[in-house]
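Predicted model only: the values in this text are computed from it and were never measured.
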Amino acid sequence: MRVTRNYRNGMVNFRKSNRDSQTSLLQSALSRNSASSRANRLASLLGNGRNNSTRSVANRDFITSSAKSQKFYFDMQYHAKQVGEYADALKSTKKDSIYDKARESGNTEQIISNVKSFVNQYNNMLDDLEESGSRTDKISLTQLSTMSRAAERDLALTGVTRRADGTLVVDEKKLEAADVDTLEKVWGGDGFSSKAAAKADSVEATAQQNIEAEKSSIYSPFDRMNLYNSGSRNVGSYFNYRR
C-alpha cells in the first residue's frame, strides 16, 4: 500500500513530539526532586542555625549573668574594705592619731569626714548583704545590726542615729558640735567602728570567694545548654551565692 508523504511526515512528527513530551516530563520531575532536596537541605541548615542560635543566646545570657554577679561581689568587697579603712583611721588612739591632731589644731574636720565616709560605706555594705540574701550574708547582717543596736546610745552622742533597718544616718550639725573627747570615746579604740571593721573583713573575704566562684563558672568545656538546663548552678554549695 502506498503511504502518502503527508501521512509519513505526520507520523514522524507525532513520534518526535511524544519523545520531546516524555523528555520534558522527566526533566520536570528531576527538577522538582532537585528543588525538594535543596529545600530539605536548606531547612536542615536553617534548623541547625536556629539550634546554634538558641545555644549561643543561652551561653551569652549565662555569661552576662555571671558577669553581673561578679560586679555585685566586687562592689560588696569594695564597700566592706572601705568600712575597714575608715574604721582603722577612727579607732586609732595612738600618738599623732586624728584625735591628737584635732586637739592640737582645734579642728575636728578630719574626724567628721571619716565618720561620714564610714557611715556611707557601712550603709552600702548593709545594702549589699540585704540584696545578696544568702545564709552567710544574712548572718553577717544580723550580727552588724546587733552591734549597732548595742552602740545606739553612744552613736547618738555624735549625731549618728540608727534606723529600724540597721542603717545609720548622720545629723551633720550634731556631729560637728561634738567635742574631740566625745568623738574619740564613741569612734576610737575598741568601740563600734572597730567591731564593725572586724565583721567587714569577713564580708570582704566572703565576697572574694564568690568572685572566684563566678569566674570559674563562666568557662566550661561542656555545652552549657545541657550543663545548666536545670536552672541551678553546678558549683560547690559552700560558695556564698546570691539567691
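To the nearest 0.5 Å, the span separating CD on Gln209 from CD on Glu214 amounts to 13.0 Å. One finds the OG atom of Ser132 at 7.0 Å from the CG atom of Asn210 (value rounded to the nearest 0.5 Å). Atoms OG1 and CG, from Thr182 and Leu175 in turn, are 11.0 Å apart once rounded to the nearest 0.5 Å. Atom OG of residue Ser140 and atom CG of residue Asp128 lie 12.0 Å apart, to the nearest 0.5 angstrom. Note: Tyr86 OH to Asn114 CG = 7.0 Å, rounded to the nearest 0.5 Å. The CG atom of Asn107 sits 7.5 Å away from atom CD1 of Ile112, with the distance rounded to the nearest 0.5 Å.
Pairing each heavy atom of Val180 with each of Ala102, the nearest pair is CG2-CB, 3.9 Å. Residue Ala197 comes nearest to Gly84 through the heavy atom pair CB-CA, 4.1 Å, listed as atom of the first residue, atom of the second, then distance. Between Asp100 and Asp96 the shortest heavy-atom distance is OD2-N, 3.1 Å. The heavy-atom pair separating Ser92 from Ser97 by the smallest distance is O-CB, 3.3 Å.
Using a 4.5 Å heavy-atom threshold, the side chains of Leu155 and Thr161 count as separate. Counting only heavy atoms from C-beta outward, the side chains of Lys215 and Gln70 approach each other to under 4.5 Å. No side-chain heavy atom of Tyr99 sits less than 4.5 Å from a side-chain heavy atom of Thr108. Residues Lys116 and Glu172 meet the side-chain proximity criterion, which asks for heavy atoms closer than 4.5 Å. Residues Val203 and Gln77 form no side-chain contact, since every pair of their non-hydrogen atoms from C-beta on lies 4.5 Å or further apart. Using a 4.5 Å heavy-atom cutoff, the side chains of Glu152 and Arg149 are in contact. Side-chain contact between Leu183 and Ile98 is absent, with no heavy-atom pair separated by less than 4.5 Å. Side-chain atoms of Lys174 and Thr158, non-hydrogen and from C-beta on, never get closer than 4.5 Å to each other.
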Mind running side-chain hydrogen bond (donor to acceptor under 3.5 Å, both in side chains) on Glu212 and Gln208 for me, showing each step along the way? CA-CA 6 Å; Glu212 296 302 324; Gln208 180 60 40; 2.8 Å; yes

Begin with the C-alpha distance, continue with both residues' side-chain angles, and end with the deciding distance and a verdict on side chain to side chain contact (heavy atoms under 4.5 Å, CB included) for Leu90 and Val115. CA-CA 8 Å; Leu90 287 167; Val115 169; 3.9 Å; yes

Chi angles and distances behind the side-chain hydrogen bond (donor to acceptor under 3.5 Å, both in side chains) call for Asn120, Ser117: CA-CA 5 Å; Asn120 181 50; Ser117 296; over 6 Å; no

Mind running side chain to side chain contact (heavy atoms under 4.5 Å, CB included) on Leu129 and Met76 for me, showing each step along the way? CA-CA 8 Å; Leu129 294 172; Met76 179 186 285; 4.3 Å; yes

Begin from the C-alpha positions of Leu168 and Asn123 and carry the test side chain to side chain contact (heavy atoms under 4.5 Å, CB included) through to its verdict. CA-CA 7 Å; Leu168 306 176; Asn123 288 341; 4.1 Å; yes

Could you go step by step and tell me if Lys199 and Lys195 meet the side chain to side chain contact (heavy atoms under 4.5 Å, CB included) rule? CA-CA 7 Å; Lys199 193 61 195 175; Lys195 294 175 182 177; over 6 Å; no

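Remark: Arg103 engages Glu184 in a salt bridge, criterion side-chain N to carboxylate O under 4.0 Å. Look at Lys138 and Glu130 and you find no salt bridge, because none of the NZ, NE, NH1 or NH2 atoms lies under 4.0 Å from a carboxylate O. A salt bridge does not link Asp181 to Lys185: none of the charged nitrogens lies less than 4.0 Å from a carboxylate oxygen.
Tyr73 and Tyr78 fall into different hydrophobic clusters, defined by Ile, Leu, Val, Met, Phe, Trp and Tyr side-chain heavy atoms under 4.5 Å apart, directly or through other members. Taken together through direct or relayed side-chain contacts under 4.5 Å among Ile, Leu, Val, Met, Phe, Trp and Tyr, Phe72 and Ile211 form part of one hydrophobic cluster.
Ring-centre distance between Phe192 and Tyr122: below the 6.0 Å cut-off. The distance between the ring centers of Trp187 and Phe118 falls below 6.0 angstrom.
At a cut-off of 3.5 Å, with distance as the only test, a side-chain donor of Arg162 or Ser145 sits close to an acceptor on the other residue.
Open room surrounds CD on Glu109; 12 or fewer heavy atoms of other groups in view lie less than 6.0 Å from it.
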